[in-house]
Amino acid sequence: MNDANAKIIKPNNNEFKHINVKNKNNTGYIVYKFQKRLCDIVLAMFALLLLSPIIIIISSFYFFGENKGPIFFKQVRVGLNGKEFYIYKFRSMVVNAEKILKSNALLYEKYINNSYKLSPEEDPRITKLGIFIRKTSLDELPQLINVLKGDMSLVGPRPVIKEELKEYNRDLNSFLSVKPGVTGYWQICGRSDVNYPERADLEFYYIYNQSIKFDLKILILTVFLVLTKKGAY
């Protein structure tokens, strides 16, 4: 599915209370951020406990075969106020994946032009386990650690690499004024089926319409999409 066919559903502007992200001294914004952080901590801890058997099973696959090696993949991403941090995922690729990708100039150019992603069928970096955990979004589970550390929130714009910041230049300050999220509005509107500049439009829509109600709706729809494996690769 391409971005032209991706189903993008924008809720009615009256459905969610607008949060003024440009005025951080706004009482409503301060209360919202407190509620959001509290929800992040409680829900992330609960999810880690609930999913711990799955986390242990996945981790065991990294002791043999083509998956043998580090359990986690970490990469520098840009977070709140432009601060860089390491994002954690279950490793879905071979060791030295980035070096392998950059060694193929044509494929790397396609990766850049395709909004920094490739399909599993043409990506030489992805293992068989990697295809499965990506399709089921299980590779994202370690990001709950990022949430507890305070680098990320459960809901927010997707954390980007430094090279992607140019896609948000029209209002970069607002983009960097919120924590990146494990899931977000882009994910429930198509995820890998939606490329730039439409992806940036969705991220800005969330930023300008933040609320606890909107966050909860995104979390609920994320669970549904994970179970149906839509938009992930």
Side-chain angles (χ1 to χ4, degrees), residues 2-3 6 8 21-22 33 36 40 44 72-93 97-99 101-102 107-120 123 125-126 130 133-134 137 139-210 214-215 218-219 222 225-226 231-233:
N2 57 37
D3 56 344
I8 299 176
V21 297
K22 297 182 183 295
K33 298 306 287 185
K36 187 179 179 76
D40 281 345
F72 299 114
F73 165 79
K74 67 177 184 178
Q75 186 182 47
V76 175
R77 298 291 178 98
V78 181
L80 181 66
N81 297 322
K83 180 182 177 181
E84 294 183 339
F85 69 96
Y86 280 112
I87 189 174
Y88 299 106
K89 294 185 177 185
F90 278 123
R91 183 170 55 84
S92 61
M93 299 181 178
E98 292 190 60
K99 183 178 179 180
L101 176 62
K102 291 180 179 179
L107 197 61
Y108 185 66
E109 183 179 1
K110 184 175 183 180
Y111 166 78
I112 297 295
N113 293 334
N114 194 38
S115 297
Y116 304 89
K117 61 181 182 290
L118 294 168
S119 66
D123 196 332
R125 304 168 297 167
I126 304 178
I133 61 176
R134 281 187 168 201
S137 297
D139 63 318
E140 310 279 1
L141 289 180
Q143 288 167 45
L144 294 171
I145 299 172
N146 286 117
V147 173
L148 291 177
K149 288 177 62 180
D151 295 325
M152 294 176 63
S153 177
L154 289 176
V155 180
R158 191 67 188 145
V160 298
I161 59 176
K162 195 172 183 179
E163 290 78 4
E164 287 180 89
L165 288 177
K166 65 181 185 292
E167 305 290 348
Y168 302 90
N169 275 342
R170 68 175 183 265
D171 194 358
L172 187 57
N173 287 337
S174 289
F175 180 72
L176 295 176
S177 72
V178 297
K179 286 184 183 179
V182 177
T183 187
Y185 193 48
W186 168 60
Q187 282 90 329
I188 67 169
C189 289
R191 194 174 173 180
S192 295
D193 296 325
V194 181
N195 298 324
Y196 292 118
E198 289 81 4
R199 171 178 166 179
D201 292 339
L202 293 170
E203 302 289 32
F204 280 123
Y205 184 88
Y206 170 78
I207 291 167
Y208 300 148
N209 293 276
Q210 296 175 75
F214 199 1
D215 289 349
I218 289 172
L219 286 172
T222 297
L225 292 174
V226 167
Y233 62 77

Open item on the list: My understanding is that only residues two or more places apart in sequence, or in another chain, count here; which of them pass salt bridge (Lys or Arg N to Asp or Glu O under 4.0 Å) with E167?
Closed with: none
Open item on the list: When you compare the side chain of K117 with that of N195, does any pair of heavy atoms fall below 4.5 Å?
Closed with: yes
Open item on the list: Using the ring-ring contact (aromatic ring centres under 6.0 Å, His included) criterion, which residues pair with Y86? Sequence neighbours excluded.
Closed with: none
- [ ] Could you tell me whether the side chain of L225 reaches within less than 4.5 Å of the side chain of Q187, counting heavy atoms only?
- [x] no
TODO: For the pair L176 and N81, evaluate side chain to side chain contact (heavy atoms under 4.5 Å, CB included) and give the outcome as yes or no after the intermediate values.
DONE: CA-CA 5 Å; L176 295 176; N81 297 322; 5.7 Å; no
TODO: Please tell me if the side chains of R77 and F85 come closer than 4.5 Å, counting only heavy atoms from C-beta onward.
DONE: yes
Task: Heavy-atom side-chain contact between V155 and I218 under 4.5 Å - done: yes
TODO: List in chain and number order the residues that pass salt bridge (Lys or Arg N to Asp or Glu O under 4.0 Å) with K36, two or more places apart in sequence or in another chain; answer none if no residue qualifies.
DONE: D215
Task: Partners passing salt bridge (Lys or Arg N to Asp or Glu O under 4.0 Å) against K110 (at least two apart in sequence or in another chain) - done: E122
Open item on the list: Distance check, rounded to the nearest 0.5 Å: F72 atom CZ versus I145 atom CD1?
Closed with: 5.0 Å
- [ ] Grab the two heavy atoms, one from V147 and one from A44, that are nearest each other, plus how far apart they are.
- [x] CG1-CB, 3.9 Å
- [ ] For D40, enumerate each residue passing the side-chain hydrogen bond (donor to acceptor under 3.5 Å, both in side chains) test, keeping only those at least two apart in sequence or located in another chain.
- [x] S153
Open item on the list: Using modelled atom types and a 3.5 Å cut-off, is there a donor and acceptor pairing between side-chain atoms of N146 and backbone atoms of Y88?
Closed with: yes
TODO: Please identify each residue that fulfils side-chain contact (heavy atoms from CB on, under 4.5 Å) with E84, with sequence neighbours left out.
DONE: V76, K162
Task: Criterion side chain to side chain contact (heavy atoms under 4.5 Å, CB included) on D123 and L107, from CA distance to verdict - done: CA-CA 8 Å; D123 196 332; L107 197 61; 5.6 Å; no
Open item on the list: With a 4.5 Å cut-off on side-chain heavy atoms, are R199 and V160 touching?
Closed with: yes
Task: Pairwise side-chain contact, M93 with R134, heavy-atom cut-off 4.5 Å (strictly under) - done: yes
Open item on the list: Quick check against the 3.5 Å criterion: does K83 have a side-chain atom that pairs as donor or acceptor with the backbone of V78?
Closed with: no
TODO: Please step through side chain to side chain donor-acceptor pair (under 3.5 Å) for the pair D171 and Y208, ending with a clear verdict.
DONE: CA-CA 11 Å; D171 194 358; Y208 300 148; 2.4 Å; yes
Task: Under the side-chain hydrogen bond (donor to acceptor under 3.5 Å, both in side chains) test, residues paired with K74 that sit two or more places apart - done: none
Task: Atom pair CZ/OG of R125 and S92 - distance to nearest 0.5 Å - done: 8.0 Å
Open item on the list: Using 0.5 Å steps for rounding, measure from the CG atom of N114 to the OG atom of S119.
Closed with: 8.0 Å
Task: Residues in side-chain contact (heavy atoms from CB on, under 4.5 Å) contact with N113, at least two apart in sequence or another chain - done: E109
Open item on the list: Distance check, rounded to the nearest 0.5 Å: R91 atom CZ versus I133 atom CD1?
Closed with: 9.0 Å
- [ ] Compare all side-chain heavy atoms of L118 with those of L101 and state whether any distance is below 4.5 angstrom.
- [x] yes
- [ ] Grab the two heavy atoms, one from K89 and one from P142, that are nearest each other, plus how far apart they are.
- [x] C-CG, 3.7 Å
- [ ] Can you tell me which residue pairs pass the ring pair (Phe, Tyr, Trp, His ring centres under 6.0 Å) test with a partner in residues 153-175, sequence neighbours excluded?
- [x] Y168-F175, Y168-Y196, Y168-F204
Task: Shortest non-hydrogen separation from G181 to P159 and the atoms involved - done: O-CD, 3.5 Å
Task: K102, NZ: over 12 other non-hydrogen atoms inside 6.0 angstrom - done: no
Task: Residue pairs passing the salt bridge (Lys or Arg N to Asp or Glu O under 4.0 Å) test where at least one lies in residues 145-161, sequence neighbours excluded - done: E140-R158, K149-D151
Open item on the list: With a 6.0 Å cut-off on the ring centroids, do F73 and F90 count as close?
Closed with: no
Open item on the list: Would you say that Y206 contacts W186 through its side chain, given a criterion of any heavy-atom pair below 4.5 Å between the two side chains?
Closed with: no
